[in-house]
Amino acid sequence: MNDLIANEPQIRLFAFLGILAIMIVWQVLKPRRAYVKPIKEKAKRWANHSLMMVISTLLLRLALPFSATAFALYIADNDLSLFGISTPLVLGVILLDCLIYWQHRIFHKVPLLWKLHRVHHSDETLDVTSAIRFHPIEIFLSMLIKFLAIWLFGLSAVTVLVFEIILNGMAMFNHSNARVPGDSILRWLIVTPDMHRVHHSVYGRETNSNYGFNISLWDRIFGSYIAQPKDGHENMTIGLNEYPGGESRLKGLLLMPFKR
Ligand SMILES: [Zn+2]
């Protein structure tokens with residue numbers, strides 16, 4: 001088990017770069033929507049999304065003394081979970097996924113949290129790099145919620161690592177601009193790019209739908225499922241009405257939660 005923790009950064013990086021590469025090739029070869037912009041502007045947007053991820057990683061390293069997996073290991077080794085239970089891997093992953101669904105929904109409903117989460121929604125378009133465009137404070141709060149879940153359900157380090165790799169991979173998949181064959185069948189099981197794109201529409205009703213990241217079932221169970229965008233995938237406007245044309249400057253993204 002300690003090997004797992006020791007190799008965690010390499011395992012994560014390998015999974016991240018592998019899925020990133022696959023989704024970049026996929027969305028270039030089979031794009032779902034047209035996105036015409038000068039290459040310089042595209043590169044700036046991608047660079048700033050990458051910088052947001054780097055800043056979030058640094059913040060987690062500086063603000064928290066250990067990773068979620070190390071915390072899970074500590075809880076398990078010392079029998080410290082709240083009810084003295086240890087949840088098995090598959091159930092743990094499903095529980096975390098349901099929790100993330102509700103976390104996302106709450107970030108839409110509580111005005112202070114929405115100020116953080118709208119950074120993600122103010123993107124002018126959607127592609128694989130939208131998956132890493134989150135405000136560092138939102139990433140930090142998500143980590144605290146994960147710590148709480150580990151303590152409540154006695155989640156193992158493997159559960160946490162498997163879930164985080166799935167979540168990162170699925171976020172890159174469902175934010176990508178890839179055309180996915182068999183979408184209508186696949187989305188009975190998992191959240192597809194077409195399903196998640198509805199969530200990034202400028203229409204409030206559509207923004208407040210399809211909160212799931214991995215399993216598509218939660219939106220169907222909890223009544224937040226919208227099948228298709230009103231204006232169609234090719235013609236729909238992505239983003240927020242407050243940020244017409246989107247916001248992609250690093251300073252603008254970092255300061256956005258502190259603006260009215
Ligand atoms: Zn959202």
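Counting convention: from 1, in listed order, for ligands and their atoms alike. Hydrogens, waters and symmetry mates are skipped; everything else that's a heavy atom, side chains included, is used. Keep in mind the model is a prediction, meaning the values are calculated, not measured.
A salt bridge between Glu8 and Arg12 is present, with a side-chain N of the basic residue lying under 4.0 Å from a carboxylate O of the acidic one.
Around the Zn ion (ligand 1), the two atoms NE2 of His104 and NE2 of His121 are separated by an angle of 170°, to 10 degrees.
For Asn177 and Trp26, the side-chain atoms include no donor-acceptor pair closer than 3.5 Å.
In terms of hydrophobic clustering, with Ile, Leu, Val, Met, Phe, Trp and Tyr side chains grouped at heavy-atom distances under 4.5 Å, Phe213 and Val162 are assigned to a common cluster.
Contact annotation: His108 places an N, O or S atom under 2.8 Å from the Zn ion (ligand 1). Under 2.8 Å from the Zn ion (ligand 1) lies an N/O/S atom of His117, whether from backbone or side chain.
Between His104 and His117, the ring planes lie perpendicular to each other; the angle is over 60°, past the 30° to 60° tilted range.
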